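Encoded as structure tokens, the structure appears first; notes follow it.
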Amino acid sequence: MAFVTHFLRQIVNALALLLAVLVLNFCLIHLAPGDPVQVIAGEMGGASAEVVAALRAKYGLDHSLPEQLATYLGKVATGDFGYSYYFNQPVLELIAQRLPATLYLALCALVLAVLIGTLLGVISARRPNGIVSHAVTLFSLAGYAAPIFWTGLMLLLLFGSIWPVLPVAGMNDVVHPRQGLAHAIDVMRHLVLPSLTLALVFIAQYSRLARVNMIDALSADYVRTARAKGLPEWIVVGKHALRNTLIPIVTVVGHQFGNLFAGAVLVETVFSWPGMGRLVFDSILRRDYPTLMAVLFFSAVMVMVANIITDLVYRLIDPRIRTGQS
Amino acid sequence: MSALLKVENLSVGMRGSTGEVVPVLENLSFSVEAGRTMALVGESGCGKSMTALAIMRLLPEDFVVTGGRILLEDEDILSASPKRMRSLRGNGISMIFQEPMTALNPLFTVGDQIAEVLRWHCRAGSAEAEEQVIALLRAVQIPAPEQRVKAYPHQLSGGMRQRVMIAMALAGRPKLLIADEPTTALDVTVQAQIFNLLADLQQETKTAIVLITHDLGAVAELADKVSVLYAGRCIESGDADSVVRHPCHPYTRGLLGCVPHLKLGWRSPQAWSDLAEIPGMVPPLGARGPDCAFLARCRDASELCRSRLQPALEPIADDHAVSCWRKSELAA
Amino acid sequence: MTTLETSTPLTVESSGQPARRAASPGRVAFRQFLRSPSGVCGACLLIVIILGTAIGPVVYPVDPLDLVGGPFTPPSADAWLGTDYLGRDVLAGLIYGGRASLAVGAVAALITIAIGLTVGALAGFFGGAIDAALVKITEFFQILPPLLFAMVLVTLFGQKLTTITLAIGAVSWTSAARLTRAEFMRLRNLDFVKASRAAGAGDAYLMLRVLLPNALPPVIVSATLAIGVAILFEGGLSFLGLGDPNTMSWGLMLGQNRNYVLDAWWAVIFPGTAIFLAVLSISLVGDGVNDAINPRLRRRM
């Protein structure tokens, strides 16, 4: 089946690209000024002379570069992304602990952004010269230009000191129960500000995109046909025009997953969300290179997965791709 | 027999950027009875499609009806509520568009797009709707309708898509079908098939058809009555036979001169050299004066024509009216 | 870079043959630009910001790295916008930091466009194996989140303004490359290019003199927007603690004062607002440029 071959080819392609990311990581370690062993150990990891010697042996740093690359890839294949001397933990464990919270934040923000962005775009496209439309245009300009970390700090200032109705730090209150509905509500309350902050910049972009595409769709012949059939307006807009508007949005969502992920890292450092953000921040401070490189690698993995999912959704929405354009 | 659709003195204008309204269609009147076909003929830009969209109440944003009435079974649809209009569309009046490529939504199956009409107008359940859709596809002579139900528009040829459009238009059993140049985008052989199909279906359903075309050959075959539009004005109208056989207005004659087989019959292409063309173009919107709109392109224009206003549409025979100052001389 | 420089005069030369009668396309576009309200607003705002960083020191001669008072002094007559966590003047920081931030933005955008144009032009023009290889490389860079990639580069190669600028340029060229490639592929098959080729034009001539001037308009728009993106990136890197501690920049001010936002809001709000206004003005200018050279899209935006 064409679909299965396509899907398999995508996965092979993805694996090849991820292998390339590993090779890039390897090259960076060796291109960076200073001794590679320092990079592997982390400058401020407090690696002793014994540790350095052990690492030199472990990574075969006395051997030729191709041999070293083979050793490096072999380690990664067994799940060994190095050891963080600052956190005193294998890097893979660190990532595994932090990744879920980041993904949770990123996906919530993504859902918010797509829903709100599309809604705003559709509303403003219905009356392209109305007040709402101009407001959406202004908002999307502002949302695009506002640095995400700055928006976060502003919200932190607002809800942290001026109007303290929402928690501004962490994922849950210490005193709250750790399970059940109360826990879920607690996490949701903590999620509001970070996810909104992260979503804002994407809402700005998607609303603009949705507006342009909705205006196009509404003037398309098939929408006139739908009206000529006597369909109610909400079907005309919500079914015929919306589905066509969503196609470019899906494409852009897929392309921007990397930015979303990086944005989540930034937002987390503002709201002390217990994900990769704090990890990245501390790793930078301590020059914990293995952790940073692993973060880069796993964010690439996330982008790959997002790309494959986008491709699937795209096929689901657009039959011309699914069945092959005639 | 009272007419199913009566258009009386319909005028449509386009609102310019500064708020002035430029006339697009002026004082158009015609009517059509159940089971009959009325043709609107003219070059592009003459207001044919605007007439159709005015009847559907689907005029583009900048266009407004500036006068006249449109009566469907004596109900003035220009004053109908949006809700009433929605229930009339698809059910009372439906429309086939020029471009079957773009008029169908590329993202939904043709079956779904036809079934929508049934779901909204006939409250059909999904199983019942699918059955009816297959019957409709069979009626428009689409082979293997059981499979085609699940096809997407891009998987069908142009002719098949136009058949789907026709099936969709007929799904709500409309009393009036407006076909806006239904064959322009199709190959010549397919054009004939589509026209034959429309004629056959009309026989069965007794639907009234308003056929918009620039193909006078099709008019001669299909239409009972015809109105020839030029620059938004009706310049000749009447019984289709009479207008096609004895065209009186120079513009109608020019149009007929452009149709090879009508003028020349089956003759060798060499003889086509005396096939006429009408020099010039339809005057653009806003450049239409009060005098005869065809004046600048008319080969038969006299000093008399130049000194007077647009002539009224006046009868020259039973069921045949012309708007021309020299109609009596030219008819002779 | 060289591609951009050589192409500028050629745009006029190749498309404005009846030079005396018709206004040059550049002038036409400029007149169109003046008609776009958002573009003019953005340009005015941008000019104000640039002038502020240029003549600011004359009006307000304070060294941004000097400790002028106690930490967290609120805005006052001495320090108009207050002092930061070390007691450095915030307004002086804005003025000198603006120079660094705008320079990083402009230079990084130039690098972005230079790489993007080269990769995209080669891929789009030659097609085949070269295209396949370059597309794979582009795809590879696309799966690395630009900010995180830049973060790794800066941590490894040092927190200096030059490194930061190069890193930003090196990670964000993919969209410019995709755009250029698409334009070149579209143009390659047009009749006037085929005619030129038939007349014996060589590859280099075709690419630089025939295709490039025609492919430039959308690239110019994306170059404008790239400046804003680069400024945001500089801010993001500084916010993660990767600013150049020896050169004051808006991003650095934010990054260093972020933990004290509840104590001294002025040290965070003002640099953030500066970044916001700079990026806003640049994207408004980008809109205006887009309107000016792409009239077909004007009604949609």
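By convention in this document, chain letters (A, B, ...) are assigned in the order of the sequence lines, proteins followed by strands, and residues within each chain are numbered from 1. Quick caveat, the model's predicted, so the values are computed rather than measured.
Here CZ of A:Phe261 is found 7.0 Å from CG of C:Leu148. Values are rounded to the nearest 0.5 Å.
Using a 4.5 Å cut-off between heavy atoms, A:Asn25 does not touch chain C at all. Contacts between A:Val280 and chain C at a heavy-atom distance below 4.5 Å involve the side chain alone, from C-beta outward. Using a 4.5 Å cut-off between heavy atoms, A:Val270 touches chain C through backbone and side chain atoms alike. Both the backbone and the side chain of C:Thr273 come within less than 4.5 Å of a heavy atom of chain A. Contacts between C:Leu240 and chain A at a heavy-atom distance below 4.5 Å involve backbone atoms as well as side-chain atoms. If you measure heavy-atom distances from C:Val152 to chain A, the contacts under 4.5 Å come from the side chain alone. Heavy atoms of A:Phe257 lying under 4.5 Å from chain C are absent altogether. Contacts of A:Ala142 with chain C are made by both backbone and side-chain atoms, with heavy-atom separations under 4.5 Å. Proximity to chain C (any heavy atom under 4.5 Å) is restricted, for A:Leu24, to the side chain, taken from C-beta onward.
Between C:Gln142 and A:Asn307, the side chains place no donor N or O within less than 3.5 Å of an acceptor N or O (distance only, hydrogens not considered). No side-chain donor from either of A:Arg286 and A:Thr291 sits under 3.5 Å from a side-chain acceptor of the other.
Annotation: cation-pi geometry not satisfied between A:Arg211 and A:Phe139 (NZ/CZ under 6.0 angstrom from ring centroid, within 45° of ring axis).
Taking chain A as the reference chain and counting heavy-atom pairs below 4.5 Å, the highest number among C:Leu144, C:Leu156, C:Ile275 is found for C:Leu156. For the set C:Leu262, C:Ile282, C:Leu277, the count of heavy-atom pairs under 4.5 angstrom toward chain A peaks at C:Leu262. Ranked by heavy-atom pairs under 4.5 Å with chain C, the list A:Ala262, A:Gly258, A:Ala145 is led by A:Ala145. Heavy-atom pairs under 4.5 Å with chain A peak, among C:Pro146, C:Gly272, C:Gly241, at C:Gly272. Looking only at heavy-atom pairs under 4.5 Å with chain C, the residue among A:Leu31, A:Leu18, A:Ile29, A:Val295 that has the most is A:Leu31. Among C:Val154, C:Thr174, C:Ile231, C:Val261, the residue with the largest count of heavy-atom pairs under 4.5 Å with chain A is C:Val261.
For A:Ser133 (side chain) and A:Asn129 (main-chain N/O), no donor-acceptor pair under 3.5 Å exists by modelled atom type. A:Thr151 places a side-chain N or O within 3.5 Å of a backbone atom of A:Pro147 that can act as its donor or acceptor partner. Listed for the A:Asn213 side chain is no donor-acceptor partner under 3.5 Å among the backbone atoms of A:Asn244. Here the side chain of C:Glu234 pairs no donor or acceptor atom with the backbone of C:Ile164 at under 3.5 angstrom.
Aromatic ring pairs are classed by plane angle as parallel below 30°, tilted from 30° to 60° and perpendicular above 60°; the pair A:Trp150 and C:Phe276 is parallel. Using bins of under 30°, 30° to 60° and over 60° for the plane-to-plane angle, the ring pair C:Phe72/C:Tyr260 lands in the tilted bin.
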